Number of protein chains: 2
Amino acid sequence: METARGLRKTLHERGMRMTPQRQLVLDAVRELGHATPEQICGRVQQTAPTVNITTIYRTLDLLDRLGLVRHTHLGHGAPSYSVDEHQHVHLVCHVCGRIDEIPCELLDGLVGTLRARDGFELDASHLALSGTCRDCLNQETE
Amino acid sequence: METARGLRKTLHERGMRMTPQRQLVLDAVRELGHATPEQICGRVQQTAPTVNITTIYRTLDLLDRLGLVRHTHLGHGAPSYSVDEHQHVHLVCHVCGRIDEIPCELLDGLVGTLRARDGFELDASHLALSGTCRDCLNQETE
DNA sequence: ATAATTGCAAACAATTTGCATTCAG
DNA sequence: CTGAATGCAAATTGTTTGCAATTAT
């Protein structure tokens, strides 16, 4: 597997090791798409029941620093992790909690504005936009 | 004070009461601009030291539901509360943690796009946009 | 050997809940 | 008197830390 090799190499360069736990966490993040540390832990423990949640946290932190995964704070509670390739913006409905994804390119205009105006480099792949979804808007009307 | 009367009335209509604690919490949020429940508690306790943090949480939740205050999740940790009138978007630098504010109007284009495309009503006053601030970008270059 | 990694228990921070007491209408 | 609101202690949730035991090189 592509990224597995890459990860092994990156780790080795830094005097770190590739371990079954790390592989399992990366696999779980990839399989789940979006997941909290708790959910990732559950997935990993299906294969290796003794892996501790502490290791999940440490590994997610490591993978995040290495740029292999990202996390987003979608409202309250635990953050959601996903693999870095999987880029999109989240639309979080603060009424029903529903989460939709939209392509990052929709933010290109805003990215340009902030770059020019504030020198701020917006990271569209980290983003959660909150508001009211179509369904909840309709229910208000009814 | 304007909002105090309004709040008293709103509460009364719902069979709830205006209490010193509620007034103090609203005042604190207004004075602090942006603050976590913990900070708001500290501010309130300067005046009334026996007010419990549980009451702070309950009151913030109430004021939030009544639309008098809002909260934003600026990254990890506790959310930040501010009064509803005080509208702006947050630029959160994920490198140094710095938080800047920009006018909501800069998002008007995006608001329109999402409304048309997804039927999603973006709430620009709730927003935290993460990325890299000017200073941290410059340091990368150096 | 020796340095990295893990598991476990305990600490911690933020928040919520249950409940008895207090307070206003 | 009755329901609303508060304070306090305890429970919960999400996360981090210290440390001893394990493992790869």
Side-chain angles (χ1 to χ4, degrees), chain A residues 4 7-26 28-29 32 34-45 47-66 68-69 71-81 97, chain B residues 4 7-29 34-45 47-66 68-69 71-81 97:
Chain A
L7 175 54
R8 165 161 263 123
K9 187 174 159 234
T10 310
L11 290 173
H12 194 257
E13 284 164 359
R14 305 179 185 225
M16 298 170 171
R17 303 195 197 116
M18 179 54 132
T19 64
Q21 286 90 332
R22 287 174 177 171
Q23 183 64 61
L24 286 168
V25 169
L26 183 54
V29 174
L32 295 172
H34 281 90
T36 61
E38 196 98 22
Q39 294 170 319
I40 292 164
C41 189
R43 183 75 191 75
V44 167
Q45 289 180 342
T47 310
T50 67
V51 174
N52 195 275
I53 193 157
T54 303
T55 302
I56 305 291
Y57 278 106
R58 286 191 283 228
T59 304
L60 286 173
D61 189 57
L62 173 69
L63 297 177
D64 208 331
R65 286 200 313 274
L66 295 179
L68 282 159
V69 307
H71 71 273
T72 313
H73 296 273
L74 305 171
H76 30 289
S80 178
Y81 285 81
Chain B
L7 175 54
R8 166 162 261 124
K9 188 174 158 234
T10 310
L11 290 172
H12 194 257
E13 284 165 0
R14 307 181 182 224
M16 298 171 171
R17 303 193 199 123
M18 180 52 134
T19 63
Q21 286 88 334
R22 286 175 177 171
Q23 184 63 61
L24 286 168
V25 169
L26 184 54
D27 290 348
V29 174
H34 280 91
T36 61
E38 195 100 22
Q39 294 170 320
I40 292 164
C41 189
R43 183 77 191 72
V44 167
Q45 290 181 341
T47 310
T50 67
V51 175
N52 195 276
I53 192 156
T54 303
T55 303
I56 305 291
Y57 278 107
R58 285 191 283 229
T59 305
L60 286 173
D61 189 55
L62 174 68
L63 296 177
D64 207 330
R65 285 198 314 273
L66 296 179
L68 283 159
V69 306
H71 70 273
T72 313
H73 297 274
L74 305 170
H76 31 287
S80 178
Y81 285 81

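Nothing here was measured: the structure is a model prediction, and the numbers come from that model. By convention in this document, chain letters (A, B, ...) are assigned in the order of the sequence lines, proteins followed by strands, and residues within each chain are numbered from 1.
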Return yes if some donor-acceptor pair links the side-chain N/O of A:Thr55 with the main-chain N/O of A:Val51 below 3.5 Å, else return no.
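No; zero donor-acceptor contacts below 3.5 Å.
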Taking the side chain from A:Gln45 and the backbone from A:Gly42, do they hold a donor-acceptor pair closer than 3.5 Å?
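No: the side chain of A:Gln45 does not pair with the backbone of A:Gly42.
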Rounded to whole Å, please give me the gap between [atom1] in [X] and [atom2] in [N].
X: B:Tyr57; N: D:dC8; atom1: OH; atom2: P; answer: 17 Å
X: A:Arg8; N: D:dT25; atom1: CZ; atom2: C1'; answer: 13 Å
X: A:Ile53; N: C:dT5; atom1: CD1; atom2: P; answer: 20 Å
X: B:Ile56; N: D:dC8; atom1: CD1; atom2: C1'; answer: 15 Å
X: A:Gln21; N: C:dC8; atom1: CD; atom2: P; answer: 11 Å
X: A:Gln45; N: C:dT6; atom1: CD; atom2: C1'; answer: 14 Å
X: B:His76; N: D:dT15; atom1: NE2; atom2: P; answer: 11 Å
X: A:Gln39; N: D:dG14; atom1: CD; atom2: P; answer: 10 Å

Taking C-beta and beyond as the side chain, do B:Met16 and B:Arg22 meet within less than 4.5 Å on heavy atoms?
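They are in side-chain contact.
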Out of [options], whichever nucleotide has its closest atom nearest the side chain of [X]:
X: B:Val51; options: D:dG7, C:dT6, C:dT15; value: D:dG7
X: B:Thr54; options: C:dC8, C:dT16, D:dT15; value: C:dT16
X: A:Thr19; options: C:dT15, C:dT6, C:dA3; value: C:dT6
X: A:Arg22; options: C:dT5, D:dA4, D:dG7; value: C:dT5
X: B:Met16; options: D:dG7, D:dA5, D:dT15; value: D:dA5

Classify the nucleic acid contact of B:Thr50 as base, sugar-phosphate or nothing, counting any heavy atom under 4.0 Å across all strands shown.
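It contacts sugar-phosphate atoms only.
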Applying a 4.0 Å non-hydrogen cut-off, can you work out what B:Gly15 is touching in the nucleic acid: base, sugar-phosphate, or nothing?
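Counting heavy atoms under 4.0 Å across all strands, the contact made by B:Gly15 is with sugar-phosphate only.
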May I ask you to evaluate whether A:Asn52 reaches the phosphate of C:dC8, defined as a side-chain N or O under 4.0 Å from OP1 or OP2?
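Checking A:Asn52 against C:dC8: at least one side-chain N or O falls below 4.0 Å of OP1 or OP2.
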Could you tell me whether the phosphate oxygens of D:dG7, OP1 or OP2, come under 4.0 Å of any side-chain nitrogen or oxygen in B:Thr55?
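B:Thr55 to D:dG7 OP1/OP2: side-chain N or O found under 4.0 Å.
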Quick one, B:Lys9 with B:Met18, criterion side-chain contact (heavy atoms from CB on, under 4.5 Å). Give me CA distance, side-chain angles, the key distance, then yes/no.
CA-CA 9 Å; B:Lys9 188 174 158 234; B:Met18 180 52 134; over 6 Å; no
5' priority, DNA chain D, between A:Pro37 and B:Leu11 [closest heavy atom]:
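Whichever sits nearer the 5' end wins; that is B:Leu11.
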Most 5' of B:Pro79 and B:Arg58 on DNA chain C, judged by nearest nucleotide
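Going by which nucleotide is closer to the 5' end, it is B:Pro79.
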Side chains of B:Glu13 and B:Thr10 only: does a donor on one sit below 3.5 Å from an acceptor on the other?
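No - no donor-acceptor pair under 3.5 Å links their side chains.
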